Each structure stands twice: as C-alpha cells, then as structure tokens.
Amino acid sequence: VFLSNISIQMFGRCGSISHAYQIFCRIVTKDCFSWVMMLQAFATNGHLHEAEHLFFKIPQTNLVVWNAMIAAYITNNALLKAQSLYESMPEWNLISSTTILTALACSGDLEKAKVVFDSMEERDLIAWNAMLAAYTHSDNIDELTAISQQMPELDIVSWNTILSAYARSGDSHTTEQIFHRMTEVDLVSCTTMLKSYAESGQIGQAQHVFDGLPHRDATSWTVMIEAYSAAGSLTEAVDLFNKANSKDIVTWNAMLSIYAQSGHLEQSKHFFDSMPLQDAATWNTLLAAYSQRGHLIYAQELFHKMPFADSITWSVMIHGYAMNGQMAEAKSLFSTSLIRFQVARVMLGAYASNGLLDEAKGFFDSMPER
RNA sequence: GAUACGUUGGUUCUG
C-alpha cells in the first residue's frame with residue numbers, strides 16, 4: 001500500500017492521471033493516504049469533478065481529507081465552494097484556517113481573511129506569516145509594520161515576506177536595507193533582492209547577488225535571465241539561458257516570452273517547437289505575440305490547436321479581436337468561453353475601447369458578479 | 001516503522 005500510494009503521488013505529479021487511477025483502483029485495502037493522494041492527483045490536474053466525487057466516497061474522513069478538498073477547490077478556482085466546505089466542517093485545525101485565509105487574501109478579500117484569522121483559536125508562526133502575507137497582497141505596506149510588531153516572533157519566512165513587499169512596491173533602496181539587516185538569508189531572500197535590483201536597473205548589483213548565491217535553482221536562473229532581457233541585453237540573456245544547468249517550464253516560458261517581446265516571431269516559433277515542456281502559459285505567450293502584432297489569422301489557427309486553454313487564453317483572443325475592431329468575433333468568443341467571470345473584465349474593456357459605451361453599460365449590468 | 005494537507009522568490013493576457 002505504501003508503494004502504491006507513492007506511485008499515485010508520482011504519477012499525479014507528472015500528469016499521468018490514468019496511471020495514478022489504475023494503481024489506486026488496484027489497492028485492495030486503501031488507507032487514508034491512498035484516498036488523499038488520489039484526490040490531490042485529480043485536483044492538481046484540473047479534474048475537480050472527479051476529486052469531488054472521490055471525496056464523497058471516502059469511507060472515513062479526517063481533517064487531512066477535508067483540508068485536501070479545500071485545497072482542491074482553491075487550486076481549481078472554486079473559492080466559493082472552498083469557503084462553504086470550510087464553514088460546514090465539523091472541526092478546524094491550523095492548516096484548515098491558514099489554507100482558507102491565504103486563498104481569501106489572494107482573491108483580494110483582506111477583510112474576510114482577517115475574520116478567519118481573528119476567529120482562530122490558536123495561531124502558530126505559519127498562520128501569522130500567512131496573515132502578514134495577506135497584507136502584502138493589498139499593498140498595505142504601512143500595516144505591515146503594525147502586524148509584525150504584534151507577532152510573537154519573526155522567522156526567515158516573515159522577513160522574506162516583508163522583503164518581497166518592499167521589492168514589489170518598487171522601493172529597492174529600502175529592500176536593500178532590509179536585506180542587509182537580516183540575520184539570516186536564504187535562496188528566497190536573495191532571489192527577491194536580485195529581482196529588486198534588476199527592476200530598478202541595477203544589473204551589476206543583480207549579477208553580484210547572483211554570483212554570491214549558495215546554489216542556483218531554476219528560479220534564480222530565470223530571474224537573472226529576465227534581468228538581462230529587461231536591461232536590453234538579449235544576447236546575454238540567451239547566453240545565460242544556454243548556460244543554465246537548472247531549468248524548468250517557467251525558465252523555458254520566460255525565454256520564449258523574451259524572444260516574443262524582441263519581435264522575432266519566426267525565432268519564437270522555432271523556440272516554441274523545440275521546447276521540452278509546455279503548458280497553458282507557453283501557448284498563451286505565442287498566442288499573445290501573434291495577436292499583439294496583428295497576426296490574428298495565425299492566432300486563430302493556434303487557438304484552435306491549443307491543448308491547454310485557460311482564462312488568459314480567452315482574454316488574449318478577445319482583446320486581440322477588440323483591438324482589431326472585430327467586435328462580432330470578440331462577442332461570439334466570449335459567449336462560448338468557459339471561465340466567463342475571469343474574462344468579463346477584458347470584454348468590458350473591449351466594448352470601451354471601441355467606443356461602444358452603451359453596450360459596455362448593458363454588459364456591465366448583466367454581469368452577475370460585478 | 002516509512003508516504004498525504006497551510007505561510008515567503010521566477011514565466012503568459014488585461015489592468
């Protein structure tokens with residue numbers, strides 16, 4: 001059972017959902033781990049319905065099962081369902097509350113996140129850190145200090161959270177000050193600092209941090225590659241990409257995006273074809289490149305071939321049509337899009353940028369989640 | 001005995 005459970009997890013992680021399920025079905029005496037890992041395998045591969053189905057079939061549920069289902073809803077953009085499950089749970093632990101708190105904060109609902117936090121019976125450092133991060137998502141830098149002073153203690157994650165808040169605000173000077181005052185830094189702190197330097201045009205400082213890294217993972221390579229691209233050194237970026245000994249799908253996507261931004265569509269397409277890993281972001285990048293340069297025919301062609309499509313895919317197409325004055329196409333695409341509420345903003349902008357204010361108003365009034 | 005759930009850094013559209 002142990003080995004089967006591990007296999008389910010492994011297949012789930014590499015997207016082989018049918019293999020995972022086969023193994024799951026062959027286990028005669030499934031334990032809690034088997035159920036949870038299968039649930040996660042479904043959820044992380046976008047099969048929310050199957051995950052839900054499984055959840056209701058689990059013979060003896062416990063907190064881990066409930067928490068895993070909440071996480072499943074969250075990763076599949078079903079925050080409302082996550083909330084109602086959370087509220088209907090027989091009991092909560094630190095993990096349940098922190099999970100939902102973070103999701104609420106990420107959706108921009110700081111108030112609800114606070115309510116969850118305040119209702120917690122006990123709070124550990126992770127919960128505090130989650131609340132700290134919640135404030136950084138609402139760009140409330142001043143409140144950060146207030147929160148951090150209430151915290152019983154701060155660890156490296158707390159400091160990294162604060163650091164990234166300042167980095168995101170564009171204040172590279174304060175970011176630098178905090179970074180140097182930190183008693184302990186790790187790869188996350190350094191990458192945050194590196195990005196902040198890069199964004200403020202200090203490529204030399206960025207390179208210096210990069211050189212001093214204890215080890216380089218795919219994230220640090222990606223940030224450094226983008227730093228050179230942002231500084232206008234495409235050659236350096238390409239060079240670094242070829243040197244990088246740790247690359248993941250994000251590194252590849254970032255490089256594709258750099259080619260696309262540089263306007264070399266042919267080269268982008270070749271690079272795209274050579275990619276060992278692809279996901280929705282990969283296809284969206286190429287799609288946006290075509291669409292933004294007015295090659296809507298190419299975009300359309302690609303759109304119909306896409307193995308992955310998400311709300312961004314639809315937004316790119318609709319925005320592309322709108323910018324090209326093809327409102328009829330934009331409208332009909334919107335009506336067939338699956339994730340309407342994510343795309344509605346773009347549709348609204350489409351009406352507006354074509355001067356169709358009355359239609360925009362009518363559309364706005366018809367939005368259920370406005 | 002060993003495996004599962006929460007907090008901080010990187011990519012694609014719009015803002």
Side-chain angles (χ1 to χ4, degrees), chain A residues 1-10 31-41 62-72 74 93-103 105 124-134 136 155-165 167-168 186-196 198 217-227 248-258 260-261 279-289 291-292 310-320 322 342-343 345-350 353:
Chain A
V1 179
F2 167 70
L3 285 178
S4 301
N5 290 346
I6 298 281
S7 310
I8 295 173
Q9 186 179 42
M10 203 195 69
D31 61 10
C32 266
F33 292 90
S34 324
W35 290 96
V36 172
M37 281 170 169
M38 193 61 232
L39 185 92
Q40 285 179 282
N62 58 24
L63 263 174
V64 175
V65 171
W66 289 83
N67 292 344
M69 192 61 225
I70 292 182
I74 293 169
N93 64 7
L94 283 165
I95 297 184
S96 336
S97 304
T98 311
T99 305
I100 202 78
L101 186 161
T102 301
D124 64 0
L125 189 49
I126 295 187
W128 276 102
N129 284 340
M131 197 60 229
L132 189 66
T136 75
D155 66 359
I156 191 163
V157 174
S158 328
W159 282 108
N160 285 343
T161 305
I162 295 170
L163 192 72
S164 99
R168 231 176 300 142
D186 61 8
L187 203 51
V188 173
S189 340
C190 294
T191 311
T192 306
M193 191 65 248
L194 163 45
K195 188 168 158 47
S196 175
D217 64 1
T219 301
S220 25
W221 282 105
T222 308
V223 175
M224 197 63 229
I225 290 166
E226 294 203 295
D248 63 9
I249 194 164
V250 176
T251 321
W252 284 90
N253 286 343
M255 197 60 230
L256 175 65
S257 171
I258 290 170
Q261 281 159 31
D279 63 4
T282 317
W283 288 73
N284 289 340
T285 303
L286 194 61
L287 193 72
S291 159
Q292 280 161 1
D310 59 12
S311 62
I312 295 185
T313 314
W314 302 94
S315 304
V316 170
M317 286 307 292
I318 290 172
H319 187 250
Q342 312 252 26
V343 187
R345 291 173 37 161
V346 177
M347 195 58 216
L348 195 57
S353 57

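Hydrogens, waters and symmetry mates are skipped; everything else that's a heavy atom, side chains included, is used. Each chain gets a letter, A, B and so on, in the order the sequences are listed, and its residues count up from 1. Please read all numbers here as calculations on a predicted model, not as lab measurements.
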Looking for any heavy atom pair under 4.0 Å, which part of the strands does A:Asp124 touch: base, sugar-phosphate only, or nothing?
base
Could you check whether A:Ile6 gets within reach of a base, just the sugar-phosphate, or nothing at all, counting any heavy atom under 4.0 Å?
sugar-phosphate
Rounded to whole angstrom units, what separation is found between the [atom1] atom of [X] and the [atom2] atom of [N]?
{"X": "A:Asn93", "N": "B:U7", "atom1": "CG", "atom2": "P", "answer": "13 Å"}
{"X": "A:Trp66", "N": "B:A4", "atom1": "CH2", "atom2": "C1'", "answer": "18 Å"}
{"X": "A:Trp128", "N": "B:U8", "atom1": "CH2", "atom2": "C1'", "answer": "17 Å"}
{"X": "A:Gln9", "N": "B:C5", "atom1": "CD", "atom2": "C1'", "answer": "12 Å"}
{"X": "A:Met10", "N": "B:U3", "atom1": "CE", "atom2": "P", "answer": "18 Å"}
{"X": "A:Asp31", "N": "B:G1", "atom1": "CG", "atom2": "C1'", "answer": "14 Å"}
{"X": "A:Leu94", "N": "B:G6", "atom1": "CG", "atom2": "P", "answer": "13 Å"}
{"X": "A:Asn5", "N": "B:U3", "atom1": "CG", "atom2": "P", "answer": "11 Å"}

Give the intermediate values and the outcome of side chain to side chain contact (heavy atoms under 4.5 Å, CB included) for residues A:Asp186 and A:Ser189.
CA-CA 5 Å; A:Asp186 61 8; A:Ser189 340; 2.8 Å; yes
Can you tell me if A:Ser257 uses its side chain to pair, donor with acceptor, with the backbone of A:Asn253 under 3.5 Å?
no
Partner of A:Asn129 under side-chain hydrogen bond (donor to acceptor under 3.5 Å, both in side chains), picked from A:Asn160, A:Asp155, A:Thr161, is A:Asp155
Walk me through whether A:Thr222 and A:Glu226 qualify under side chain to side chain donor-acceptor pair (under 3.5 Å).
CA-CA 6 Å; A:Thr222 308; A:Glu226 294 203 295; over 6 Å; no
Taking every heavy atom of A:Ser220 against every heavy atom of A:Leu194, the minimum-distance pair comes out as O-CD2, 4.4 Å
Rounded distance [0.5 Å steps], CE in A:Met69 versus OG1 in A:Thr99:
13.0 Å
CE (A:Met37) and CD1 (A:Ile6) are apart, to the nearest 0.5 Å, by 5.5 Å
What I want to check is whether an N or O donor and acceptor connect the side chain of A:Thr99 with the base of B:G6 at under 3.5 Å.
no
Ranking B:G6, B:U3, B:A4 by distance to the side chain of A:Phe2, first place goes to B:U3
Contact letters for nucleotides 9-15 of chain B, in which S counts primed atoms plus P, OP1 and OP2 and B counts the base, heavy atoms under 4.0 Å:
BBBBBBS
